[in-house]
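Fair warning: this is a prediction, and the values are worked out from it, not measured in the lab. Every number for a ligand or one of its atoms is a count from 1 in the order of the listing. Numbering of residues begins at 1 and proceeds along the displayed sequence. No hydrogens, no waters, no symmetry mates; every other heavy atom, side chains included, goes into these values.
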Amino acid sequence: MMESVKCLIVGSGPAGFTAAIYTSRANLQPVLYEGIQPGGQLTTTTEIENFPGYPEGVDGTQLMADLKQQAQRFGADIRFGIITRVDLSSRPFHVVVDGEKEIEAETLIVATGATAKYLGLPSESKYKGMGVSACATCDGFFYRKKDVAVVGGGDTACEEATYLASLCRQVYLIVRKPFLRASKAMQQRVLGTPNIKVLFEHNTAEVLGDENGVTGARLRHNDGTEQTIDISGFFLAIGHHPNTELFADQLALDEEGYIRTEPGTSKTSVEGVFAAGDVQDPHYRQAITAAGSGCKAALDCERFLLSQTK
Ligand code: NDP
């Protein structure tokens, strides 16, 4: 028999778990599927020092385990599994889990997050979490007074390079084109910061390291010449892609594939479907903003269900 749920949450980052805490407390008996990466992107970082309420910082995996436990305490049904198909053409929505189990959901909260892009080098994955990071705001602090590199030429790369320059001794910005794509203001800030060295027309051939983590990078200029830089941190800022493949053609997405929401709310283009966290936010991408938007989605969902029973 097909299972029917009032509120189905997809994704287990801070947005998904916060939505689960609120909807379970509102007695909507939410079911949450954790997805491909249980705990989301925060489980790929180490210490989180900017999540309010943890004066000594908190381990990313621990924070996610705590959020999960908090949701379960109020009765949220959290399950391991991946949503493989959704049909949002009529309500209740039809959802398939792991290619076989079918669920009917009165409402859906999409919190599937985004994935940072990496270059795809074997040496880069080898040192992930050991000096290779895609989040300077999360991990930059650990590189105080050290030398680091940032890859990318957009606003994120420039912002991260500027942030790191305030902490680190030397920041190399590795840009594959002969120019920066970032806004003029960001470009000027980067070019005017004395401890940022922009290496135009360079690509990374290899991340170098030892048993303690990253020690350098081998760079290749577009003319074929190579050089090695000594660094302890290697930061990727080459963009993110939202995890919205499941919803393409069903929800309104922006040009980059992020779910469009009605400004100030979590409402998507389909009534009864709400979006929270990085999947609808190309700008802030913080754990706390994701958690906040998960709360909004839960409240919007609760109000929607109430309006249906009137
Ligand atoms: P962008 O897509 O704007 O920039 C990505 C950068 O990474 C580009 O310079 C690109 O190079 C480079 N890149 C991509 N793939 C590779 C690769 N394989 N190897 C080397 N370099 C690579 O992403 P952002 O995350 O910077 O920005 C996303 C959006 O968010 C933008 O619209 C941006 O304006 C916005 N934003 C705004 C901010 C603000 O206003 N304060 C702050 C942060 C982001 P190339 O140029 O050659 O394609």
Side-chain angles (χ1 to χ4, degrees), residues 41 44-45 50 113-128 131-140 148-167 171-193 196-208 214 216-229 231 233-244 253-261 263 275 277-290 293:
Q41 291 186 75
T44 67
T45 70
N50 53 11
T115 307
K117 292 183 194 159
Y118 284 83
L119 297 172
L121 301 168
S123 56
E124 174 193 51
S125 39
K126 183 172 171 191
Y127 296 110
K128 223 184 248 184
V132 171
S133 163
C135 182
T137 18
C138 320
D139 298 333
V148 298
V150 177
V151 185
D155 280 318
T156 304
C158 289
E159 216 168 68
E160 303 218 331
T162 312
Y163 171 71
L164 288 166
S166 67
L167 298 168
V171 178
Y172 298 96
L173 185 60
I174 306 168
V175 183
R176 66 180 175 182
K177 291 225 174 96
F179 55 85
L180 293 167
R181 173 205 285 252
S183 60
K184 275 277 169 298
M186 282 310 299
Q187 292 191 24
Q188 277 164 4
R189 196 174 310 161
V190 161
L191 298 171
T193 304
I196 299 178
K197 186 169 182 193
V198 186
L199 300 171
F200 286 110
E201 296 185 80
H202 277 82
N203 277 289
T204 309
E206 190 185 0
V207 180
L208 307 170
V214 170
R218 186 161 56 83
L219 309 180
R220 190 174 296 135
H221 191 277
N222 289 355
D223 68 10
T225 55
E226 290 197 353
Q227 65 165 313
T228 299
I229 52 171
I231 48 167
F234 184 81
F235 290 88
L236 283 310
I238 58 172
H240 284 73
H241 56 85
N243 302 321
T244 50
L253 307 178
D254 73 7
E255 308 74 46
E256 265 95 53
Y258 288 87
I259 296 177
R260 282 189 198 276
T261 51
D278 287 12
V279 76
Q280 50 85 57
D281 172 19
H283 296 295
Y284 300 103
R285 298 196 295 250
Q286 301 298 302
I288 187 64
T289 52
S293 73

Can you report which non-hydrogen protein atom sits closest to atom 7 (O) of ligand 1, along with the distance? Ile238 CA, 3.3 Å

To check your reading of the model: name the closest protein heavy atom to atom 1 (P) of ligand 1, its residue, and the distance in Å. Arg181 CD, 4.1 Å

Count the heavy atoms belonging to other residues, nucleotides or ligands that lie under 6.0 Å from OH of Tyr118, then report whether that count exceeds 12.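 Yes, enclosed.
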
Within-cut-off N or O pair, [X] and ligand 1, under 3.5 Å:
| X | value |
| --- | --- |
| Asn203 | no |
| Pro282 | no |
| Arg285 | no |
| His240 | no |

Leu119: numbered ligand 1 atoms lying under 4.0 Å from its heavy atoms: 17 (C), 18 (N), 19 (N)

Which atoms from ligand 1 have a heavy atom of Lys177 less than 4.0 Å away?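 The list of qualifying atoms is 45 (P), 46 (O), 47 (O), 48 (O).
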
For atom 38 (C) of ligand 1, state whether the nearest protein heavy atom is under 4.0 Å away. yes

For Val207 and Glu124, work out which heavy atoms get closest and say how close.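 The pair with the smallest heavy-atom distance is CG2-CA, 4.1 Å.
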
Glu159 contact mode with ligand 1 (heavy-atom cut-off under 4.0 Å):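 Just the side chain.
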
Do you see a donor-acceptor pair shorter than 3.5 Å between the side chains of Thr137 and Asn50?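 No - no donor-acceptor pair under 3.5 Å links their side chains.
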
